[in-house]
Amino acid sequence: MAAAIQIPKSTRALVLRKAAKATKPVYHDAVLEERPIPELKPGQILVRIHAAAFNHRDHWIRKGLYPGIGFGSVLGADGAGVVVASPDKNDTLLEKRVFLVPMRGWERAPDAPESPFAVIGGNKSNPLGTFAQYVVVERDQVIPTPDHLDDVHAAAWPLGAVTAWRAAMINGQVKQGDNVLITGIGGGVALLALQLCVARGANVYVTSGSQDKIQKAVKLGAKGGVSYKSDDWPAQLATLLKKNGASALNTVIDSGGGDIMGKTSAILKPGGRVVVFGMHANPKVTMTMREVMKNQKLLGSTMGSKQDLIDATNFLAQHHIVPIVSDVLDGLEAAEQGFQILERGDHFGKVVIRLTPDSPRTFPAKL
């Protein structure tokens with residue numbers, strides 16, 4: 001093993017363990033453990049993790065609500081740091097800042113994964129997770145971190161980014177001048193979709209149950225927003241569109257499910273698209289003949305390919321987009337606090353664990 005720095009023999013990692021105490025509802029344990037760092041094989045590298053970000057799936061895994069849970073595997077899908085070791089002493093990645101590709105099984109196929117698809121972290125098919133001081137990873141499963149991002153904000157990017165990019169740019173086909181609705185603003189994917197669409201030149205509108213989150217979205221470039229707690233929110237949005245000189249939406253990017261087609265059909269142009277990347281409110285979407293007659297399209301969108309993530313990262317670098325970070329926690333010991341923040345659901349942006357003291361705490365959000 002040729003190393004750029006002195007490499008320890010072991011790493012601390014946050015490991016998923018079956019709940020030691022029976023509770024209803026179930027909530028599995030996240031245990032900080034010391035684990036040996038295996039010898040690197042050809043094609044592998046060692047990354048020192050400087051920052052790792054939470055996703056809602058981490059919380060769902062502990063609740064037993066996510067498929068393919070792997071007890072004994074390390075939690076975390078998003079992480080950024082620096083390459084510190086490789087079996088090849090001339091490896092061009094040595095000492096380079098990178099973030100990890102958070103999924104496996106989908107390299108570049110345009111419509112769906114080429115092989116069985118999985119997201120790393122807490123998964124039985126792959127023990128790799130980013131909530132660790134060091135991770136061994138295939139060298140072709142990391143992407144160079146854009147120069148304008150620190151590691152905290154780079155960690156906030158990958159899984160949300162690939163999901164937002166595919167939902168908005170691939171399936172939603174958002175382009176300059178489009179009118180786009182993003183529901184449930186405040187979560188990581190919705191915020192990244194907002195930033196990507198604004199950078200593309202689209203007119204973005206949002207929904208939220210919080211007026212504060214709507215105002216924060218406006219500061220990030222949204223044209224306006226309405227509260228989904230109001231029964232007449234589609235009519236309110238129609239008024240807002242008209243006020244801004246628009247007659248209808250081109251695309252809806254949704255994470256709630258339920259009657260999103262029925263609620264938006266009247267303000268969605270004929271041939272418009274509703275892209276659903278989650279169903280947090282209702283695990284079923286209703287579509288009627290009314291939408292069929294208007295040629296309106298309902299598309300499911302889950303994660304994306306490695307090529308999608310590369311394309312999204314190039315776009316991010318071109319436009320100097322900085323992902324929104326809500327909370328920065330210091331050290332893996334603070335992980336339980338991160339899970340509590342996810343449970344409350346009042347955060348605006350990503351929750352990130354900083355593993356090294358030289359990773360900046362704050363960074364201005366840009367579009």
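The shortest distance between side-chain heavy atoms of V252 and R273 does not fall below 4.5 Å. Counting heavy atoms from C-beta on, the side chains of F348 and L220 come closer than 4.5 Å.
Around the CZ atom of R17, the shell of radius 6.0 Å holds more than 12 heavy atoms that belong to other residues, nucleotides or ligands.
For the pair N179 (side chain) and A248 (backbone), a donor-acceptor distance under 3.5 Å is present. A donor-acceptor pair under 3.5 Å is absent between the side-chain atoms of N244 and the main chain of L241, judged by distance alone. Remark: the backbone N or O of G257 is not paired with any side-chain donor or acceptor of K284 at under 3.5 angstrom. Side-chain N or O atoms of H28 include one that pairs as donor or acceptor with a backbone N or O of A19 at under 3.5 Å. A donor-acceptor pair under 3.5 Å links the side-chain atoms of W106 to the main chain of A109, judged by distance alone. Using modelled atom types, one side-chain atom of T239 and one backbone atom of A235 make a donor-acceptor pair closer than 3.5 Å. The backbone N or O of V351 lies less than 3.5 Å from no partner atom in the side chain of S326, so there is not a single donor-acceptor pair. Checking side-chain atoms of E95 against main-chain N and O of V83 turns up no donor-acceptor pair under 3.5 Å.
A salt bridge links K63 with E343: at least one charged nitrogen is closer than 4.0 Å to a carboxylate oxygen. For the pair R139 and D91, the salt-bridge criterion is met [side-chain N within less than 4.0 Å of a carboxylate O]. Between R62 and E336, at least one side-chain nitrogen of the basic residue sits less than 4.0 Å from a carboxylate oxygen of the acidic one, meeting the salt-bridge criterion. Ion pair E333/R12 flagged as a salt bridge, since at least one NZ, NE, NH1 or NH2 atom sits closer than 4.0 Å to an Asp/Glu carboxylate oxygen.
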Check the pair S73 / N123 against side-chain hydrogen bond (donor to acceptor under 3.5 Å, both in side chains), numbers first and verdict last. CA-CA 6 Å; S73 60; N123 192 297; over 6 Å; no
Which is it for Q296 and S265 under the side-chain hydrogen bond (donor to acceptor under 3.5 Å, both in side chains) test, yes or no, and what are the steps along the way? CA-CA 8 Å; Q296 292 172 340; S265 179; 3.0 Å; yes
Please determine whether side-chain contact (heavy atoms from CB on, under 4.5 Å) holds for the pair S305 and E107, giving the CA-CA distance in whole Å, both sets of side-chain angles, and the decisive distance to 0.1 Å. CA-CA 5 Å; S305 68; E107 288 293 314; over 6 Å; no
For a side-chain contact (heavy atoms from CB on, under 4.5 Å) check, start with the C-alpha distance between Y134 and V84, then their side-chain angles and the critical distance, and finish with the verdict. CA-CA 9 Å; Y134 293 86; V84 295; 4.1 Å; yes
Verdict with supporting geometry, L249 and L237, side-chain contact (heavy atoms from CB on, under 4.5 Å): CA-CA 10 Å; L249 297 167; L237 184 57; 4.1 Å; yes
Apply the test side-chain contact (heavy atoms from CB on, under 4.5 Å) to residues I321 and L196: give CA-CA distance (whole Å), side-chain angles for both, the deciding distance (0.1 Å), then the verdict. CA-CA 8 Å; I321 296 170; L196 292 170; 4.1 Å; yes
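With a 6.0 Å cutoff to the six-membered ring centre and a 45° limit on the axis angle, R104 does not count as a cation-pi contact of F117.
Listed here is the closest heavy atom pair of V285 and V276: CG2-CG2, 4.3 Å. The two residues R57 and G121 have their closest heavy-atom pair at NH1-O, 3.0 Å. Considering every non-hydrogen atom in both A317 and P146, the closest pair reads CB-CB, 4.1 Å.
Applying the salt bridge (Lys or Arg N to Asp or Glu O under 4.0 Å) test to D311 and every residue at least two apart in sequence or in another chain returns nothing.
When each of T207, T264, V206 is checked for a side chain to side chain contact (heavy atoms under 4.5 Å, CB included) with T183, only T207 meets the rule.
The aromatic rings of H347 and H56 sit tilted relative to each other, their planes meeting at an angle between 30° and 60°. Ring geometry for F339 versus F54: interplanar angle over 60°, hence perpendicular rather than tilted (30 to 60°).
Listed by first and then second residue, the salt bridge (charged side-chain N to carboxylate O under 4.0 Å, His left out) pairs involving residues 223-236 amount to none (not counting sequence neighbours).
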